[in-house]
Amino acid sequence: MTTTEHNQADQAKAELKAELKALALAARAELSDADAAQALAWTARTFGREWIVAANMQDAVLIDLAVRAAPEVDVLFLQTGYHFAETIGTRDAVATVYPQVRIVNAQANHSVAEQDLHEGPRLYERDPDRCCFLRKVVPLRETLAGYRAWVTGVRRVDAPTRANTPIVDWDEGNGLVKVNPIAAWTDEEFNDYLTEHGILENPLVAEGYPSIGCAPCTAKPLPGADPRSGRWAGLAKTECGLHGGGDK
Ligand code: SF4
């Protein structure tokens, strides 16, 4: 590619980013009270096939909602190499229950064995921020580069850092529109949807894990404790950095 072609490509990218940002900020106001179905219908209408649903395979609530708007939607799973067998099993069950969706397994550039070789074993103990950066943040960013919007299951009740999550937002870090269709849902609304629609759920939830991440960084919270207290238990870390400070 010549220098002129490079400059033209950079300019086209910058123009697309500015266009998406303006769209996100307008939708943030217009859809501030939208319900999940309305938010997802807008996403499908606006972005065609160029959007993806992030799923941590704790349950299939968000996927079930998304396929109602777009039956062949893409579903993003961050395959960190550190998941519980039950989480991988839930991903595979999703593929069976929703055969029309396309599951995109986003992987780090290095396997766990290669990471151990380069960074030393158990990086998650010594420097979990770096481990999350290598195994979650980078693969997410690389995968999202092929889309114009992504959909997450972030809810305002998850954590104080998520209390002001809008339904539609601009994701400056990844340079695309971010849609949070169930941001306003309470735990009761979430559980009602799960029960009423018989939604697939990771079996670890029934075993006492209300917030499931990678196996080395997920413990059962103590009775009555914050549901997310089992994530990176004993460390100051509470988020992966996927949501400008958050990860489902
Ligand atoms: S949650 Fe733990 S194991 Fe998973 S990427 Fe982050 S630090 Fe590594």
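Numbers for residues simply follow the sequence, beginning at 1. Atoms within a ligand are numbered from 1 in the order they appear, just like the ligands themselves.
In this view, Asp192 and Glu188, Glu196 satisfy the side chain to side chain contact (heavy atoms under 4.5 Å, CB included) rule, not counting sequence neighbours.
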Hey, mind stepping through Ile88 and Gln79 against side chain to side chain contact (heavy atoms under 4.5 Å, CB included) and telling me if it holds? CA-CA 9 Å; Ile88 300 300; Gln79 176 41 303; 3.3 Å; yes
Test side chain to side chain contact (heavy atoms under 4.5 Å, CB included) on Thr87 and Arg91 and set out the steps. CA-CA 6 Å; Thr87 301; Arg91 177 202 61 185; over 6 Å; no
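Interface of Lys136 with ligand 1, defined as ligand atoms under 4.0 Å from a residue heavy atom, comprises 1 (S). Every atom of ligand 1 with a heavy atom of Pro128 under 4.0 Å away is listed here by number and element: 7 (S). In the vicinity of Cys214, heavy-atom distances shorter than 4.0 Å reach the ligand 1 atoms 1 (S), 3 (S), 4 (Fe). Contact atoms of ligand 1 toward Cys132: 1 (S), 5 (S), 6 (Fe), 7 (S) (distance under 4.0 Å to a heavy atom of the residue).
For the pair Arg135 and Gln115, the minimum side-chain heavy-atom distance is below 4.5 Å.
Note on Cys217: counted as a metal contact of atom 2 (Fe) of ligand 1, an N/O/S atom lying under 2.8 Å. Taking 2.8 Å as the criterion, Cys131 does not count as a coordinating residue of atom 4 (Fe) of ligand 1, since none of its N, O or S atoms falls below it.
Classified by interplanar angle (parallel below 30°, tilted 30° to 60°, perpendicular above 60°), the ring pair Tyr193/Trp185 is tilted.
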